[in-house]
Asker: 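Provided herewith is a single structure, encoded as structure tokens, for subsequent inquiry.
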Protein chains: 2
Amino acid sequence: MSPPTTRDKIIDAAMAVVREQGVAKLTLDEAAKGAGLSKGGVLYHFKTKDDLIRGMVERLINQCDKLQLAYYDKEPEGPYRWARAMVQTTFDPNGPASDKVSGALLASVAVNSELVAPIQAKYDEWIERIRSDSPSPMLAGLIGMAMDGYSFERIMGLKLCDEEDEMKMKQYILDLLKAEPTHE
Amino acid sequence: MSPPTTRDKIIDAAMAVVREQGVAKLTLDEAAKGAGLSKGGVLYHFKTKDDLIRGMVERLINQCDKLQLAYYDKEPEGPYRWARAMVQTTFDPNGPASDKVSGALLASVAVNSELVAPIQAKYDEWIERIRSDSPSPMLAGLIGMAMDGYSFERIMGLKLCDEEDEMKMKQYILDLLKAEPTHE
DNA sequence: TGCCATATACCGTCTGGCCGGTACAGTACC
DNA sequence: GGTACTGTACCGGCCAGACGGTATATGGCA
């Protein structure tokens, strides 16, 4: 990996602002300060604030997608392979539930709901993937919903259980995907 | 039900703004316009904007709680009664996935993350409830996460399937809660 | 090798608009 | 005449975006 470009540094800083101070505090000035340059500099790389958020969303999507593909490779073959990869991705510290990337979603919804569109597109793709190799699409769908729930809870700052319980839950879900090759 | 108070009308209008224009557009002026009065009028009822959001959050909590209790009464006795009530609540058109109430959560997170606190408190209570009568707390927890996922997806404007599939999913989940009285 | 031209990357300043909040002046009903 | 409520006018701060400028690198060319 080459050293992060200025563009990347700005996105990092913007994510950090959302995480630490909330979406409302995400200003060009603040992002600039975090990235170590001036607002003018930020506006050189991103023409508008919406553009910056687009960049954040793109980062979110790429990061999650890359992660999911990596986990897919690591998972053994067999039914529910994509679903298993999704579970691993969700609980990964760099996954969608991570503070580091999730700000993008929040920012996009808060500022301009049109900016969610690329997420929706990728989202459809993910769902399609998971359905493709799941003997019970319903079970896979349920678990997919739950993974979203987990991610969103983290983003919103709602805690439903401590970390120990989370690991148990992860294992429980993975067991479900082993034990029920052809449920229904 | 007595006719809605001005206070209620303001909250309704604020919710509508969040729903239709996004959190960023939620201003005192806009909420006032929606409620049919001036900003001064709004500020008479809510001393600050945070105060208004607190009101929205309170509304969200009360509405969901009331709904859940009502469904609990309607559900037949037996295991997973609270979990079943939660599923019904989630899919209810006035439930947490409803456009009409969900804006509160978004607004609170976006504007001032401290305002989420009352939600977290209620949230803990709901989780406790569900665990209390679930033979498999893991299954109940999974379904709870999925219900959150569904609600949040709606709030964010992400669609995972059409309405027909949603109803199938609801039925699938309710069947799970019948078929597995003592899973694990 | 020296000179100009252009592109890239960035800074600092300014401005116009928006928005939260204040102050105060009604109005209407009891 | 007081209380509950609503409107109007305004202030001060913040912020997106525009703009003009600067420094450095690159490349052509004589």
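In what follows, chains are A, B, ... by sequence order, proteins preceding strands, each numbered from 1. Any value given below was found using the heavy atoms of this structure, including those in side chains, with hydrogens, waters and symmetry copies removed.
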Asker: Once you round it to whole Å, what is the distance between P of C:dG21 and CG of B:L28?
Answerer: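 B:L28 atom CG is separated from C:dG21 atom P by 6 Å.
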Asker: So what does B:L52 touch, heavy atoms closer than 4.0 Å: a base, only the sugar-phosphate, or nothing?
Answerer: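 B:L52: no heavy atom of the nucleic acid under 4.0 Å.
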Asker: Go nucleotide by nucleotide along DNA chain D from the 5' end; which of A:D50 and B:G36 gets its closest nucleotide reached first?
Answerer: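 The 5'-side residue here is B:G36.
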Asker: With side-chain contact (heavy atoms from CB on, under 4.5 Å) as the criterion, how do B:M56 and B:L26 come out once you've worked through the C-alpha distance, each side chain's angles and the decisive distance to 0.1 Å?
Answerer: CA-CA 12 Å; B:M56 295 166 73; B:L26 174 60; 4.3 Å; yes
Asker: Report yes or no: is there a donor-acceptor pair, N or O only, under 3.5 Å between the side chain of B:K47 and the base of C:dG21?
Answerer: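 Such a pair does not exist between side chain and base.
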Asker: Just compare D:dA16, C:dC10, D:dG7 and give me whichever is closest to any side-chain atom of B:L37.
Answerer: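 Of D:dA16, C:dC10, D:dG7, D:dG7 is nearest to the side chain of B:L37.
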Asker: Rounded to the nearest Å, what distance is computed from the CG atom of residue B:D29 to the P atom of nucleotide C:dG21?
Answerer: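 Rounded to whole Å, this separation is 12 Å.
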Asker: Side chains of B:Y80 and B:K178, heavy atoms from C-beta outward: is any pair under 4.5 Å?
Answerer: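 No - every pair of side-chain heavy atoms lies 4.5 Å or more apart.
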Asker: Whole angstroms only, please: what is the CG-P distance between A:L43 and C:dG12?
Answerer: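 So the CG-P distance, A:L43 to C:dG12, works out to 14 Å.
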Asker: Of the candidate nucleotides D:dA4, C:dC19, D:dC15, which contains the atom at the shortest distance from the side chain of B:T27?
Answerer: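 For the B:T27 side chain, the nearest candidate turns out to be C:dC19.
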Asker: Would you mind reading off the distance between A:K33 atom NZ and C:dG12 atom P, rounded to a whole angstrom?
Answerer: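 In whole Å, C:dG12 P and A:K33 NZ are 14 Å from each other.
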Asker: Inspect the surroundings of NZ in A:K33 and state if more than 12 heavy atoms from other residues, nucleotides or ligands are less than 6.0 Å away.
Answerer: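 No, the 6.0 Å shell around NZ holds no more than 12 heavy atoms from other groups.
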Asker: Between B:P96 and B:S102, which heavy-atom pair has the shortest distance, and what is it?
Answerer: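 Heavy-atom minimum between the residues: O-CB, 3.6 Å.
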Asker: Does OP1 or OP2 of D:dC5 have a side-chain N or O of B:T6 closer than 4.0 Å?
Answerer: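 No, outside the criterion.
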Asker: To the nearest Å, give me how far apart CD (A:Q21) and C1' (D:dC15) are.
Answerer: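 After rounding, the reported distance stands at 15 Å.
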Asker: Would you say a side-chain N or O of B:Y44 is under 4.0 Å from OP1 or OP2 of D:dC5?
Answerer: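 Checking D:dC5 against B:Y44, a side-chain N or O does come within under 4.0 Å of OP1 or OP2.
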Asker: Calculate the interatomic distance between A:K39 atom NZ and D:dG17 atom P; express it in whole Å.
Answerer: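 That distance rounds to 9 Å.
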Asker: Can you label the angle between the A:Y72 ring and the A:W82 ring as parallel, tilted or perpendicular, going by 30° and 60°?
Answerer: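 Taking A:W82 first and then A:Y72, their aromatic rings lie parallel (interplane angle under 30°).
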Asker: Between D:dG17 and A:K49, counting only base atoms on the nucleotide and side-chain atoms on the residue, is there a donor-acceptor pair under 3.5 Å?
Answerer: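 Result: no qualifying N/O pair found.
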Asker: Tell me the interatomic distance from A:E30, atom CD, to D:dA16, atom C1', rounded to whole angstroms.
Answerer: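 The distance from CD of A:E30 to C1' of D:dA16 comes to 15 Å, rounded to the nearest Å.
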Asker: Indicate whether OP1 or OP2 belonging to C:dT8 is found under 4.0 Å from a side-chain N or O atom of A:H45.
Answerer: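 A:H45 to C:dT8 OP1/OP2: no side-chain N or O under 4.0 Å.
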